[in-house]
Number of protein chains: 2
Amino acid sequence: MSASELAERLRAVGLKVTGPRIAILDAVERNSNHPSAEDIYQELVDTHPSLSLSTVYGTLSAFVKAGLVRKLSEVDGRLRVDGTKTPHDHAICRMCGAIFDIEPNPKKAPTSLSELPDGLAVLDVRVEYDVVCSECKPTPF
Amino acid sequence: MSASELAERLRAVGLKVTGPRIAILDAVERNSNHPSAEDIYQELVDTHPSLSLSTVYGTLSAFVKAGLVRKLSEVDGRLRVDGTKTPHDHAICRMCGAIFDIEPNPKKAPTSLSELPDGLAVLDVRVEYDVVCSECKPTPF
DNA sequence: TACTAAATCGGAATGATTATGATCTCGCGT
DNA sequence: ACGCGAGATCATAATCATTCCGATTTAGTA
């Protein structure tokens with residue numbers, strides 16, 4: 001996606017367009033490995049030497065609030081984000097930390113949002129499977 | 001639940017029966033507010049003065065591995081556990097951190113385990129709604 | 001082009017969790 | 001009942017992802 005298209009995406013959600021934001025949004029959407037803040041920083045620091053890790057944290061936080069990226073549960077104590085456009089579920093291996101994308105079964109979606117009680121305004125839904133992947137299978141417990 | 005019943009539960013999953021473990025299992029199952037490790041420690045330290053916070057962490061970890069309690073996503077950077085026997089979904093207010101129990105709609109359960117690809121062995125499933133609760137509603141963003 | 005609020009930077013501070021190593025104790029076998 | 005050994009507990013220190021801070025820079029507007 002070109003820089004001007006990325007800039008337009010930022011404007012569309014009311015965020016100022018800056019160099020770091022374009023670079024980070026691009027990196028998050030390009031990286032389908034559910035990167036951590038540190039992952040993104042390491043991926044960008046070569047081409048953006050002045051980038052600060054604290055900017056990555058702040059920018060990701062702004063993106064999550066704006067709905068540009070989704071936040072996963074922490075894995076191994078690290079925040080992980082998902083910048084893909086089509087929501088899907090995740091399976092997280094509790095042995096090695098690998099994250100697998102799981103296509104949600106549309107007929108078996110989680111409780112539909114309108115059925116939630118009271119005045120809860122829903123920002124996002126996460127469906128996560130704690131698993132042991134085939135790599136780690138030999139000693140599951 | 002009596003101490004001997006709690007002890008039996010521990011034995012059933014292959015865990016040694018100790019004073020701290022009985023106290024922590026009791027506290028987790030009694031406390032329906034999805035407590036953090038610190039919450040449990042504070043709840044028990046008066047009656048168990050020698051209890052160590054690190055024991056609470058280690059014991060909770062053992063309980064999660066044994067399937068006695070479930071782990072939720074971190075809220076405000078803290079681990080939260082759920083010791084109730086009947087699994088249910090959760091709505092987490094991202095403004096104030098409150099956690100609400102959501103009764104899952106049985107007709108709309110998440111992807112059934114047998115449909116997961118490959119050799120993934122499923123330990124647990126989490127369905128979590130990020131919400132803004134009615135208390136925090138006025139300024140949702 | 002000047003102004004202002006917001007964004008960025010770098011480093012220090014925070015704080016939940018984990019690691020460590022020295023006791024203690026449960027559960028088993030004698 | 002007693003002793004043994006593996007595992008549990010304790011107290012403290014270390015870790016490290018994340019947040020906070022004040023100073024500086026910059027985007028967007030008039």
Side-chain angles (χ1 to χ4, degrees), chain A residues 3-4 6-25 27 34-42 44-45 47-66 68-69 71-81 94 97 141, chain B residues 3-4 6-25 27 34-42 44-45 47-66 68-69 71-81 94 97 141:
Chain A
S4 61
L6 291 165
E8 190 46 49
R9 304 264 313 285
L10 290 170
R11 265 189 288 273
V13 295
L15 290 174
K16 266 192 193 175
V17 176
T18 69
R21 285 183 173 175
I22 289 178
I24 292 169
L25 182 57
H34 314 90
S36 67
E38 179 74 29
D39 291 336
I40 294 164
Y41 175 72
Q42 289 302 334
L44 293 175
V45 72
T47 50
H48 301 74
S50 73
L51 181 65
S52 167
L53 179 56
S54 66
T55 299
V56 176
Y57 275 102
T59 302
L60 287 180
S61 174
F63 286 0
V64 168
K65 214 181 279 190
L68 289 177
V69 308
K71 205 198 308 199
L72 279 62
S73 287
E74 281 111 56
V75 179
D76 299 329
R78 277 188 297 276
L79 165 80
R80 306 281 286 266
V81 296
R94 289 300 165 186
F141 280 76
Chain B
S4 61
L6 291 165
E8 190 46 49
R9 304 265 311 286
L10 290 170
R11 267 188 287 270
V13 295
L15 291 174
K16 265 192 195 176
V17 176
T18 68
R21 286 184 172 173
I22 289 179
I24 292 169
L25 181 57
H34 313 90
S36 66
E38 180 73 29
D39 291 336
I40 294 164
Y41 174 72
Q42 289 302 334
L44 292 175
V45 71
T47 50
H48 301 72
S50 73
L51 181 67
S52 167
L53 178 56
S54 67
T55 298
V56 176
Y57 275 103
T59 301
L60 286 180
S61 176
F63 285 0
V64 168
K65 213 181 280 189
L68 288 177
V69 309
K71 204 193 318 195
L72 278 62
S73 290
E74 278 116 57
V75 178
D76 301 328
R78 277 188 297 277
L79 164 79
R80 306 281 286 264
V81 297
R94 288 300 163 185
F141 279 77

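Here is the naming used below: chain letters follow the sequence lines, and residue numbers restart at 1 for every chain. The figures that follow rest on heavy atoms only: side chains count, while hydrogens, waters and symmetry mates do not.
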*Asks:* To the nearest Å, how far apart are I22(B) CD1 and dT9(D) P?
*Replies:*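 It works out to 11 Å between those atoms.
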*Asks:* Mind listing the closest non-hydrogen atom pair of K16(A) and R21(A) along with its distance?
*Replies:*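 Nearest heavy atoms, K16(A) then R21(A): O-NH1, 3.1 Å.
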*Asks:* With rounding to the nearest 0.5 Å, note down the distance linking CG in L68(B) to CD1 in I24(B).
*Replies:*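 Answer rounded to 0.5 Å: 12.0 Å.
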*Asks:* Would you say that V81(A) contacts L72(A) through its side chain, given a criterion of any heavy-atom pair below 4.5 Å between the two side chains?
*Replies:*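 A side-chain contact is absent here, since even the closest heavy-atom pair is not under 4.5 Å.
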*Asks:* How close or far is atom C1' of dA27(D) from atom NZ of K16(A), stated in whole angstroms?
*Replies:*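 After rounding, the reported distance stands at 5 Å.
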*Asks:* Rounded off to whole Å, could you give me the CZ-to-C1' distance for the R11(A) and dA7(C) pair?
*Replies:*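 Interatomic distance, CZ of R11(A) to C1' of dA7(C): 16 Å.
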*Asks:* Distance check needed: dG15(C) P versus E38(B) CD, whole Å only.
*Replies:*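 Those two atoms, CD and P, are 12 Å apart.
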*Asks:* Is there a side-chain contact between S36(A) and the phosphate of dA17(D), meaning an N or O under 4.0 Å from OP1 or OP2?
*Replies:*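 Negative; the distance criterion is not met.
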*Asks:* For H48(B) and S54(A), find the nucleotide of DNA chain D closest to each by heavy atoms; which residue's nucleotide sits nearer the 5' end?
*Replies:*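 The residue whose closest nucleotide sits nearer the 5' end is H48(B).
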*Asks:* Taking all heavy atoms of R80(B) and all of G97(B), pick out the closest pair and write down the distance.
*Replies:*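 R80(B) and G97(B) have their closest heavy atoms at NH1-O, 4.1 Å.
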*Asks:* Relative to the 5' end of DNA chain C, which residue comes earlier, P20(A) or L79(B), by the nucleotide with the nearest heavy atom?
*Replies:*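 Looking at the nearest nucleotide for each, P20(A) comes out on the 5' side.
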*Asks:* Answer yes or no: does a side-chain N or O of S50(B) lie under 4.0 Å from OP1 or OP2 of dC10(D)?
*Replies:*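 It does, given that an N or O in the side chain of S50(B) lies less than 4.0 Å from OP1 or OP2 of dC10(D).
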*Asks:* Report the distance from atom CG of L15(A) to atom C1' of dT8(C), rounded to the nearest whole Å.
*Replies:*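 After rounding, the gap between these two atoms is 15 Å.
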*Asks:* Write down the distance between CZ (R78(A)) and P (dA16(C)), rounded to a whole number of angstrom.
*Replies:*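 In whole Å, dA16(C) P lies 19 Å from R78(A) CZ.
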*Asks:* Quick one: L60(A) CG to dT8(C) C1', roughly how many Å, whole number?
*Replies:*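 So the two atoms are 14 Å apart, to the nearest Å.
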*Asks:* Taking OP1 and OP2 of dA7(C), is either one under 4.0 Å from a side-chain nitrogen or oxygen of R21(A)?
*Replies:*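 True: R21(A) side-chain N/O within range (under 4.0 Å) of dA7(C) OP1/OP2.
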*Asks:* Does dC26(C) have its OP1 or OP2 closer than 4.0 Å to a side-chain nitrogen or oxygen of T18(B)?
*Replies:*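 The answer is no; no side-chain N or O of T18(B) sits under 4.0 Å from OP1 or OP2.
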*Asks:* Whole angstroms only, please: what is the CG-P distance between L53(A) and dT18(D)?
*Replies:*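 To the nearest whole Å, that distance equals 9 Å.
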*Asks:* Below the 4.0 Å mark, does dT19(D) have OP1 or OP2 next to a side-chain nitrogen or oxygen of Y57(A)?
*Replies:*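 For dT19(D), OP1/OP2 do not have a side-chain N/O of Y57(A) under 4.0 Å.
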*Asks:* May I ask you to verify if any side-chain N or O of S52(A) is less than 4.0 angstrom from the OP1 or OP2 atom of dG11(C)?
*Replies:*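 The answer is no; no side-chain N or O of S52(A) sits under 4.0 Å from OP1 or OP2.
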*Asks:* Is there a side-chain polar atom (N or O) of T59(A) under 4.0 Å from OP1 or OP2 of dT8(C)?
*Replies:*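 True: T59(A) side-chain N/O within range (under 4.0 Å) of dT8(C) OP1/OP2.
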*Asks:* Measure the CG-CG distance between L44(A) and L53(A) for me, rounded to the nearest 0.5 Å.
*Replies:*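 Answer rounded to 0.5 Å: 11.0 Å.
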